[in-house]
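See structure below.
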Amino acid sequence: MKNQEIAQVFDKIADCLEYKQESQFRQNAYRRAARAMMDLSEDVEDVYARGELKSIPGIGEGMAEKIAEYLDTGTMVRYEEARRGVPDTLLLMTRIPGLGPKTLRLVHEKLGVNTIEELEAAAKSGKLNELRGLGPKKAENILRGIRLRAESGQRVRLGVALPLVETITGQLRRKVKVAQCLPAGSLRRMRETVGDIDILATGADGPRIVEAFTKLPQVRDVLGQGDTKGTVITGDGLQVDLRVVPEESYGAALQYFTGSKSHNIRLREIARKKRLKVNEYGVFRGEKSICGRTEEEVYGVLGLDWVPPVLREDRGEIEAAQEHRLPRLVEQGDIRGDLHVHSKWSDGKATIEQMVLAAKELGYEYVAISDHSLSTVIAKGLDVARLHRQMDEIRKLRKKIDGIAILTSTEMDIKPDGSLDYPDDVLAEIDIVTASVHSAFKQDRRQMTERVLRAVESPHVDIIGHPTGRLIGEREPCAIDLEAVMKKAAQTGTALEVSAQWERLDLDDVSCRRAAEMGVRLAINTDAHYLTHLQYMRFGIATAQRAWVTKESVVNAWPLEELRAWLERAAVAV
DNA sequence: GCCGTTTTCGGCCCGACTGTTTTCAGTCG
């Protein structure tokens, strides 16, 4: 899978062109092409093999040739050419906040600066001030930028960012009069990680709201403070932007500030063609504001249905909204049960009864208790004897607790050779079987793929748990041919999990979309080890929504009877 | 370099804030 590699090459070309101050539009073309590679839900080599590279939006004649060249030869002449005269160490400096391409080129050419260390020295010695357009403040800003880049710059996971933003907006509401105050940006789009936090507020007194924002206890550093906009760095190094607009601009501002950037650019292009202008204050014909109070109005006047924030990535949602064929996405209310929940029998922290009651409290129709199997020793995996005792307890609980169906289950290891951790006759007794990889993550692609395929082919396995094993920001996804796994899963009716744990979100949105398109069934599960983890369902749902998934594909959005019928199918299909 | 209800050339999103400037360029989102 060379998608990411090619994306990086295109992005680097764009960086070089930016440094060399070549055409903005050409730079954008490379950035768009890079994004197109990242968003591609299948292997670019497969698209190339079919001769369909040019059907990818943003990939034209030239880009298609460059991709082909890279896949055939492993290099790209255009890349080498772009890099000429731009030392690699200089490219690293393009990510320093406050230091743009113009300044970078200036210090390189006039002062011979090639590295971050040299830049720092030049700023400290006052040499920077000698250059035209650069004063002492600028030098100070650059030093701060270097410091910021060194200590933060890490993207933060959704499950961390969301509680943080809820705290911040809550505090702001208490400190100052705001009509609206809510997260926008990638957080509202529920991306798996966010680079910064964007907050939108409406209210009459912009300067005062921004002032209050910069004085919040979490704020360590104020990067900018104007009448309508503030930018700060929190104690743990995360950038937070606040934007204040008048109430009548709420919809336009929310739309603008939610992004994504490429989604917004597309909208503004559409507006231009209609001789309209979209900005954060509204939609304008000439000087006259047509609308802006709600997002629905903004989309409507451009001829689009309202687009759910989770879809705003320029991955086809614009066209779908124009043609009134946006999907009705799966949502929290559609979920009827959690099919991956641990208990104290293995490494969970609550009893089965506690977990079941908590699931019932959430309004679920059913819940599956899926403790670890034998091989996961570290998690107190159950041998067959303990498994039987655990299942006995479940049978007793069924009599004690009504209003929710309790399914027997297991999260069973797929061993390195692809064999399963329980024998078939034991698996046949269990209502629902999730099979997961928990060891030998470093196997090569062929071994791993065959290993998982064996599990998919087992008539007893219903769900493949966290299919790639990734931990966001900690462990890369394992090498596996997901396309092959999905193809087989579509045939056997085996579901793939969308783990709602925010450290995992596995499958991710892009793969999940591919799976759904291929007709693979999905199971959105929390893999809860604590009672509170049951609440993580929202992250799994967001991931599925970002993958355009509707409730028909999601097995735990089905009524119990349908779910049981599907489980029966798994038992007879060999 | 891409792309088409301004179609094969001539466009390409829009505004806020900062710093160094005496009217605006650079950077950011």
Side-chain angles (χ1 to χ4, degrees), chain A residues 10 13-14 17-18 21-36 53-67 78 82 94-107 128-142 144-145 148 184-186 194-200 206-207 210 214 222-232 239-245 249 252-253 255-284 302-303 314 318 322:
Chain A
F10 282 157
I13 293 177
L17 296 183
E18 188 176 17
Q21 289 162 46
E22 285 188 33
S23 154
Q24 277 286 341
F25 308 117
R26 192 168 293 143
Q27 293 173 34
N28 286 343
Y30 280 102
R31 302 255 183 239
R32 277 195 68 192
R35 264 194 53 95
L53 284 174
K54 277 171 65 182
S55 70
I56 304 168
I59 305 298
E61 190 77 45
M63 296 294 183
E65 275 175 24
K66 290 178 181 74
I67 295 169
R78 185 70 181 89
T94 59
R95 302 276 177 260
I96 296 173
L99 177 73
K102 300 264 166 62
T103 314
L104 182 57
R105 185 161 170 172
L106 193 67
V107 297
L128 238 45
N129 302 352
E130 296 164 14
L131 299 175
R132 184 179 162 72
L134 294 184
K137 287 273 185 132
K138 189 82 186 168
E140 213 175 281
N141 267 342
I142 288 173
R144 182 163 61 178
L148 280 177
S186 47
V194 301
D196 62 7
I197 288 179
D198 300 305
I199 298 171
L200 174 70
V210 175
T214 61
V222 180
L223 295 187
Q225 180 179 355
D227 290 347
T228 69
K229 201 173 154 179
T231 301
V232 303
Q239 180 172 322
V240 186
D241 295 330
L242 173 75
R243 188 66 196 270
V244 187
V245 298
S249 297
Q255 196 293 314
Y256 155 78
F257 217 28
T258 297
S260 66
K261 191 176 171 179
S262 42
H263 175 91
N264 285 359
I265 289 176
R266 291 289 311 281
L267 280 195
R268 289 168 193 186
E269 283 170 358
I270 291 168
R272 274 184 82 90
K273 285 176 187 153
K274 294 183 187 292
R275 303 197 176 280
L276 299 171
K277 184 177 71 172
V278 182
N279 60 29
E280 55 266 55
Y281 299 109
V283 183
F284 295 81
L302 298 178
D314 191 18
I318 306 251
Q322 284 175 319

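For clarity, every value in this text was computed on a predicted model and none was experimentally measured. Chain A is the first sequence line, chain B the second, and so forth, proteins listed ahead of strands; every chain is numbered from 1.
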If only side-chain N and O atoms of A:Thr231 are considered, is one of them under 4.0 Å from the OP1 or OP2 phosphate oxygen of B:dC28?
no

Same-atom distance (P) from B:dC14 to B:dC9, integer angstrom:
26 Å

Of the nucleotides B:dC12, B:dT20, B:dG15, which has the atom closest to the A:Lys137 side chain?
B:dT20

Which of the following nucleotides, B:dG1, B:dT18, B:dC14, is nearest to the side chain of A:Arg78?
B:dG1

For a quick check under 3.5 Å, do A:Asn141 and A:Arg144 share a side-chain donor-acceptor pair by atom type?
yes

Give one of base, sugar-phosphate or nothing for A:Gln24, where a contact means two heavy atoms less than 4.0 Å apart.
nothing

Winner on side-chain proximity to A:Tyr256, out of B:dG29, B:dG1, B:dG19, is B:dG29

Considering every strand and a 4.0 Å limit on heavy-atom distances, what is the contact class for A:Leu267: base, sugar-phosphate, or nothing?
nothing

A:Tyr30, nearest nucleotide to its side chain (from B:dC12, B:dG1, B:dC14):
B:dG1

Once you apply a heavy-atom cut-off of 4.0 Å, does A:Lys138 come out as touching a base, just sugar-phosphate, or nothing?
sugar-phosphate

In whole Å, what is the span from the CZ atom of A:Arg95 to the P atom of B:dT27?
14 Å

Let me know the distance between NE2 of A:His263 and C1' of B:dC14, rounded to the nearest Å.
15 Å

Answer yes or no: is there an ion pair linking A:Glu280 with A:Lys229, defined by an N-O contact shorter than 4.0 Å?
no

For the pair made of CG in A:Leu276 and C1' in B:dC13, what is the distance, rounded to whole Å?
14 Å

Rounding to an integer number of angstrom, what distance separates B:dT6 and B:dG11 when you compare their P atoms?
14 Å

Take atom C1' in B:dG29 and the same atom in B:dT22, then report the distance between them in whole Å.
29 Å

Is A:Asp227 touching bases, backbone alone, or none of the nucleic acid, heavy atoms closer than 4.0 Å?
sugar-phosphate

Go through the structure and list residues passing side chain to side chain donor-acceptor pair (under 3.5 Å) with A:Asp196, not counting sequence neighbours.
none

Applying the side chain to side chain contact (heavy atoms under 4.5 Å, CB included) test to A:Val278, which of A:Leu302, A:Leu267, A:Asn264 qualifies?
A:Leu302

Separation of B:dT6 P from A:Arg275 CZ (nearest whole Å):
8 Å

How long is the line joining CD1 of A:Ile13 and C1' of B:dG1, in whole Å?
11 Å

Counting just side-chain N and O atoms, does A:Gln239 come under 4.0 Å of either OP1 or OP2 of B:dG29?
yes

When the C1' atoms of B:dT27 and B:dT20 are considered, how many whole Å apart are they?
14 Å

Using atom P in both nucleotides, what's the gap between B:dC12 and B:dT21 to the nearest angstrom?
32 Å

For B:dT8, what is the paired nucleotide under Watson-Crick or G-U wobble rules, both distances under 3.5 Å?
none

Listed nucleotide nearest any side-chain atom of A:Lys261, set B:dG29, B:dT18, B:dA16:
B:dG29

4.5 Å side-chain heavy-atom contact, A:Thr231 and A:Gln239:
yes

Would you indicate, yes or no, if B:dG15 has its OP1 or OP2 atom less than 4.0 angstrom from a side-chain nitrogen or oxygen of A:Asn279?
yes

Short side-chain N/O contact to B:dG19 OP1/OP2 from A:Asn141, under 4.0 Å
yes

The side chain of A:Lys102 is closest to which nucleotide in this list: B:dG15, B:dG1, B:dG26?
B:dG26

Integer-rounded Å distance: B:dG1 C1' and A:Ile59 CD1
10 Å

Counting only side-chain heavy atoms from C-beta out, which of B:dC12, B:dG29, B:dA16 sits nearest to A:Arg272?
B:dC12

Is A:Thr103 close enough to B:dT27 that one of its side-chain N or O atoms is under 4.0 Å from OP1 or OP2 there?
yes

Between B:dT6 (C1') and A:Ile270 (CD1): distance, integer Å
15 Å

Would you measure the distance from the C1' atom in B:dG15 across to the matching atom in B:dG10 and give it in whole Å?
25 Å

A:Ala29 has its side chain closest, among B:dT18, B:dG1, B:dA16, to B:dG1

Does A:Arg268 have a side-chain nitrogen or oxygen under 4.0 Å from the phosphate oxygens OP1 or OP2 of B:dC13?
no

